[in-house]
Every structure is written in C-alpha cells, then in structure tokens.
Student: 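I'd like to ask you about the structure that follows.
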Amino acid sequence: MKHTPTIRAELDRYIQQEGLSIAQFGQLAGMNRGIVSAIVTGNKSMSVNQLDLITEAMGLPEGEFYDLFIENYIIDHPPNMRRIEPFLFRCAELDKLDAIRRVVGAIMDNLLYSPKLFEIAEKLLAQGRLEAALILYEGVAEAEKYQHSERLAICQYRIFKIQIRDDQSRNTRAAAVFEAFVERLDESDQLDALKDLANVYRSLRKWDKVDEMARKMRAKAEIQYSMKHEQRSRERDESVNKLSRPLFVYISYADLLCASVCEAKSDYQQALQYTYAYADLDWVKETDEATQHWIGSFQNWAECNIYVNTLLSGEISVLPDYVEYIAASKVDNEMVTKLLNLILAANRYQLDVNDILKRFEMIIDSFVQQSSSDMYTKQVIPEQYARLSYELAYYHLHRGTYDDGFKYLMYSMVSYHTLNNERYYINCIGLFEHFRTHAAPETMEKFSKFIEKVWLDNVKENGTANHRS
C-alpha cells in the first residue's frame, strides 16, 4: 500500500534539517509557536493561509504543497467548506486549475455542496477568473444533471458564455448544448440567453437558428413588456431590472435580427419591412436616458440598413448617399459592417469603388479584433472583419490589383483559420489557387509557410504520425 506523504512530515524534516527550534521557525513564518507545534505534532489541521506562510518560510514556490493539502485535509477528511472555500480562491489566484478539479471531484458526490460551490463560482466569475469558475460550474452541472433545477440552467448559461471563444466549431457545439436549457432559466435570463445564442448563431451564419432565436425572444419580450405596463409590481420590476438592456430592446433587436436573416437570404424587401419596424419606436412608453440611448441606436442602425438593403437590391443610385453616410459615421465596431455591405454591393454588381476604398483606406487597414464580454462584439464583429477582408480580396484580385488582393486574402485566411471556420477558410484557399499565377514570390512563400503551419498544427492536435519530422 502506497504511503501518502504529509505536509506535517515535510515541515518536521525541514525544521530538523535546518537545525531550527519550533519557536525559531514560527518567527520565520510569522506564526505563533503553539500553532506550529500543533501542526508538527499532528494535533491541528491548517488553513491555506498558514500553509502559504509555511511554504514561504521554507523558501519553496507558492502552492508547492497544494496537492498534499488536498490529500491531507480534503480527501482524507469530511469536506469542510470553511477550509475548502479559501483554498479554491487561492488556487484560482495561482492558476492551479488541476488542484481545483481534484477538489471538485473529491466533494461533488454529495449534492449538499452544490449551492456553496455555485456561490464560489459566481464570485470567481465576478473576479474575472473564468477558467477556475468554469471548472466549478461544470462540477455543479454534472452533479445536478438529473435535478432539472434553475441552478443547473444558470450553470449551463455560464458555461456557454465562458466557452464562447474564437473557435467557431467549438462555439457551435457549446450553443447546441446550452440551447436545451434556456427554458429552465427565469424569464429575464431567458431574454439575454436568447440574445446571446442569436448572436453566436449569427456569427456562424446559421440563419435558420438566428431566425428561431429572434422569434422566441420577441414573443417572450412582448409578453413581459405587456405585463410590465398592465400590472406593476415590485417583483416584476426586480425581474426587469435584472436585464442587461431595457425590455423594449429585446423586441426591437429581434426585428433587427430577422432583418439580417432576410438580408442574408437576399430577400431585401422583407428585410426593409423589419428595418422600418425597429425604426418606428413610438410605442415605447419609457422616457429615461437609457431608453433614449437605445432608441437613437436603433434609428441609426435603421438609417444604415435602409441604405444597405436598397443598395443590395440593385438600386445603385443610393451609393453616393450611402458613402456620405459612412463618412459621417463614428469609427467603431459598426464601421466594419457598413464597409462590408459596400464591398458586397461592389462585387455583386461589378461596381468600380476604387476611389471610395481609397477614401476609407486608413480605416480599413486599422481594423483590429477586439475582445469583449458581449456576444455581439465578441463573435459577430471578428467574423465580419474576416469576411470584409475576403470581399476586398475578391474585389482587388478580379480587378488586377494583386498586391492589395493577396494582402487582404492572407488576412482573411488566417482569421478564418483562427475562427476554425472551415467553409470560409476553404473559400480563401480556393480564391488563392484561382489567382496563384499572379502572386509575387514573397506572397507564395508566406502562403506556403502558413499552410505548412496549419498542417503541422493539425498533425500535433490529432496525433497523426509525422514520420519524416
């Protein structure tokens, strides 16, 4: 039978090796002599704070004895949350995720600990320690998977939001898993959950799912909005106050999403009808500052999208007005969408927009993907950066301006590989191959090195043998 070492034995060995008395070591560690003596003799357990003091006094790295702490004071003892909670926070600070997994695995056989672990996960999430929080949420979700509780649904919502990154293949799986839990959330959380799902599906260009989420969100928001104004109650006000946006926004945003679905399917007349709907907000009863901000945003988006859908439907005469609208716009995350629609129209109708692109050249070349906790800027905008680059590449390559074409194509190709969007990544490779003979030697070298890197990364990830490496 394998003997498990103890922190007590390690401490006793160190004190004897260094020729220290208990009192001297206590002075080094900033601890009471009696406490050190009790720890060494095994008459007292220890806190993680005391363990950190002992570890530092022994000149060892932070967290050196955390695995032993789990063995000595968590696995071998009845779970004590007063000891476990500070230990989990300390592990999160030191990014010792494996230690957190061991603790969760050791105590989650008992559902009584779910509420406390969930509470700790919420605190870690608020601190921005997402990976540590994710382990706890997953532990609680696994333990409660047959409970059909609201806490389980909230865990799944948190897991979904933490897992959404730049890997679109992974995002697809995360969205599919979470979607089954939306109806178990309370009514206010359902609206934000549907909004977040819609934005992820929008970034994935899964338009049927965007349409489904938008219609569900609109129906639920309309019911809540009607109830809010028909029967005011403190409980209902508290529910509405939990929302990340004013309640009417979910109704109008659903129309905006439906408009984007119609636009993607080239049904520009229907897209315009949805756009007119979210532009007309006279029905909104609130008048506060947040409401006015959102009304202004929707009217601004509507103005833009009326130009866009009119232009994409073939009415080229609106192009000059649309260009002036873009020029007068603030340079922000929405600018990429405005320019993307411009170049989409140019490619669809073979328009010469060289002078227009020159006018916005500095803006186009300054786009940098930005991280955000919001599902729209986190997902939709990066995908549109990649798509804008692809459309710019398509435009320039077909017009013989090859240096610019290949510059944008390489950016798009790298972006879609990062996003793990296989369909559009292959489109980029196909476009490159179509114009390969026009690529400069340095462009060909850059392309070859990138393709080789993708291959080697895949070999490493999939465990495929590379016999000649």
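This is a predicted model, so every value here is computed, not measured.
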Student: Do Ile343 and Leu340 have side chains that approach each other closer than 4.5 Å (heavy atoms only, starting at C-beta)?
Tutor: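 Of all side-chain heavy-atom pairs linking Leu340 with Ile343, at least one is under 4.5 Å.
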Student: So, Ser188 and Asp186: side-chain donor and acceptor under 3.5 Å apart, yes or no?
Tutor: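 The criterion, which ignores hydrogens and geometry beyond distance, is satisfied for Asp186 and Ser188.
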Student: I want to check something: taking the side chain as every heavy atom from C-beta on, are Cys155 and Glu144 in contact at a cut-off of under 4.5 Å?
Tutor: no
Student: Can you label the angle between the Tyr322 ring and the Tyr307 ring as parallel, tilted or perpendicular, going by 30° and 60°?
Tutor: tilted
Student: Applying salt bridge (Lys or Arg N to Asp or Glu O under 4.0 Å) to Glu391 and Arg348, what does each step give before you reach the verdict?
Tutor: CA-CA 10 Å; Glu391 295 295 337; Arg348 176 167 297 175; over 6 Å; no
Student: Where do Asp255 and Tyr276 land on the side chain to side chain donor-acceptor pair (under 3.5 Å) test, with the steps shown first?
Tutor: CA-CA 9 Å; Asp255 286 334; Tyr276 295 141; over 6 Å; no
Student: Between Lys407 and Asp365, does the salt bridge (Lys or Arg N to Asp or Glu O under 4.0 Å) criterion hold? Intermediate values first, please.
Tutor: CA-CA 11 Å; Lys407 177 185 74 173; Asp365 289 340; 3.6 Å; yes
Student: Using atom types as modelled and distance alone, determine if a side-chain donor or acceptor of Gln156 lies under 3.5 Å from a backbone N or O of Phe178.
Tutor: no
Student: With a 4.5 Å cut-off on side-chain heavy atoms, are Tyr268 and Leu272 touching?
Tutor: no
Student: Under the side chain to side chain contact (heavy atoms under 4.5 Å, CB included) criterion, do Arg83 and Val48 qualify, and how do the steps go?
Tutor: CA-CA 7 Å; Arg83 180 183 300 122; Val48 67; over 6 Å; no
Student: Compute both the distance and the angle, then confirm whether Lys446 meets the cation-pi test with Phe450: under 6.0 Å from the six-membered ring centre, within 45 degrees of the axis.
Tutor: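 Here Lys446 fails the 6.0 Å and 45° test against Phe450.
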Student: Is atom CD of Glu56 surrounded by more than 12 heavy atoms (other residues, nucleotides or ligands) closer than 6.0 Å?
Tutor: no
Student: How about Asp403: does its CG atom have over 12 heavy atoms from other parts shown lying under 6.0 Å from it?
Tutor: no
Student: With distance as the sole test, does Ser389 use its side chain to make a donor-acceptor pair with the main-chain N or O of Leu409 at under 3.5 Å?
Tutor: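 Not a single qualifying donor-acceptor pair exists.
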Student: If you measure only the distance, is there a donor-acceptor pair under 3.5 Å linking the side chains of Ser203 and Glu383?
Tutor: no
Student: So does Val353 get a backbone contact from the side chain of Tyr395, meaning a donor-acceptor N/O pair under 3.5 Å?
Tutor: yes
Student: Please check: side-chain N/O of Asp192 versus main-chain N/O of Ser244, any donor-acceptor pairing under 3.5 Å?
Tutor: yes
Student: Are Lys449 and Glu452 close enough for a salt bridge, meaning some N to O gap below 4.0 Å?
Tutor: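 Salt bridge between Lys449 and Glu452, a charged N being under 4.0 Å from a carboxylate O: no.
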Student: Can you confirm whether Asn341 sits close enough to Glu263 that some side-chain heavy atom of one is under 4.5 Å from a side-chain heavy atom of the other?
Tutor: yes
Student: Is it the case that more than 12 heavy atoms not belonging to Glu93 sit under 6.0 Å from its CD atom?
Tutor: yes
Student: Under a 3.5 Å threshold, yes or no: a donor from one side chain and an acceptor from the other, between Gln299 and Tyr278?
Tutor: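 Their side chains do not contain a donor-acceptor pair, so the 3.5 Å distance test is not met.
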Student: Distance from Leu191 atom CG to Asp196 atom CG, nearest 0.5 Å?
Tutor: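 One gets 11.0 Å once the value is rounded to the nearest 0.5 Å.
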Student: Is there a salt bridge (Lys or Arg N to Asp or Glu O under 4.0 Å) between Asp208 and Lys265 once you walk through the steps?
Tutor: CA-CA 10 Å; Asp208 288 343; Lys265 295 180 177 181; 3.0 Å; yes
Student: Keeping Ser448 on the side-chain end and Glu445 on the backbone end, is there a donor-acceptor pair under 3.5 Å?
Tutor: no
Student: Check the surroundings of atom NZ in Lys206: do more than 12 heavy atoms from other residues, nucleotides or ligands lie under 6.0 Å from it?
Tutor: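 No, the 6.0 Å shell around NZ holds no more than 12 heavy atoms from other groups.
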Student: I want to check something: taking the side chain as every heavy atom from C-beta on, are Lys216 and Val182 in contact at a cut-off of under 4.5 Å?
Tutor: no
Student: Say you draw a straight line from CD of Glu119 to CD of Glu85; how long is it, rounded to the nearest 0.5 Å?
Tutor: 6.0 Å
Student: Flag the pair Arg205 / Asn421 as yes when at least one side-chain heavy-atom distance between them is below 4.5 Å, and no otherwise.
Tutor: no
Student: I'd like to know if Glu183 pairs up with Lys220 as an ion pair, taking the criterion as any Lys NZ or Arg NE/NH1/NH2 lying under 4.0 Å from an Asp or Glu carboxylate oxygen.
Tutor: yes
Student: Just by distance, do the side chain of Gln224 and the backbone of Glu187 share a donor-acceptor pair under 3.5 Å?
Tutor: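 Judged by distance alone, yes, a pair lies under 3.5 Å.
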Student: If we only count heavy atoms from C-beta on, is the His398 to Phe435 side-chain gap below 4.5 Å?
Tutor: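 Counting from C-beta outward, His398 and Phe435 do come under 4.5 Å.
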Student: Looking only at side chains, do Asp52 and Tyr66 share a donor and an acceptor under 3.5 Å apart?
Tutor: yes
Student: Does Lys358 form a salt bridge (Lys or Arg N to Asp or Glu O under 4.0 Å) with Asp355? I'd like the steps, not just the answer.
Tutor: CA-CA 5 Å; Lys358 195 73 177 173; Asp355 290 342; over 6 Å; no
Student: Main chain of Gly314, side chain of Tyr349: is a donor-acceptor contact present, judged purely on distance under 3.5 Å?
Tutor: yes
Student: Do the side-chain N and O atoms of Asp211 and Tyr201 include a donor-acceptor pair separated by under 3.5 angstrom?
Tutor: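 Not at all, the side chains of Asp211 and Tyr201 share no donor-acceptor pair under 3.5 Å.
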Student: Checking Gln147 against Leu111 for the side chain to side chain contact (heavy atoms under 4.5 Å, CB included) test, could you report, in this order, the C-alpha distance in whole Å, the side-chain angles of both residues, the deciding distance, and whether it holds?
Tutor: CA-CA 10 Å; Gln147 302 301 307; Leu111 278 174; 3.8 Å; yes
Student: Can we call the ring centroids of Tyr390 and Tyr424 under 6.0 Å apart?
Tutor: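 No, too far apart.
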Student: I want to know whether Phe65 and Phe69 have ring centres closer than 6.0 Å.
Tutor: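 No, the ring centres sit 6.0 Å or more apart.
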Student: Could you tell me whether a side-chain N or O of Arg129 sits under 3.5 Å from a main-chain N or O of Ala126, the two making a donor and an acceptor?
Tutor: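 Looks like no, no N/O pair under 3.5 Å.
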Student: Taking Asn347 for its side chain and Tyr394 for its backbone only, find out whether a donor-acceptor pair lies under 3.5 Å.
Tutor: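 Such a contact is absent between Asn347 side chain and Tyr394 backbone.
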Student: Would you call Asp404 and Leu392 a side-chain contact if the rule is heavy atoms closer than 4.5 Å?
Tutor: no
Student: Strictly below 4.0 Å, N to O, side chains only: are Arg102 and Asp67 in salt-bridge contact?
Tutor: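 Looking at Arg102 and Asp67, the cut-off is met.
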Student: Counting N and O atoms only, with roles assigned by atom type, does the side chain of Ser313 sit under 3.5 Å from a partner on the main chain of Thr310, one being a donor and the other an acceptor?
Tutor: yes
Student: Return the CZ to CE distance between Phe432 and Met410, rounded to the nearest 0.5 Å.
Tutor: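 One finds 6.5 Å between CZ of Phe432 and CE of Met410.
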Student: I'd like to know whether OH of Tyr157 has more than 12 heavy-atom contacts from other residues, nucleotides or ligands below 6.0 angstrom.
Tutor: yes
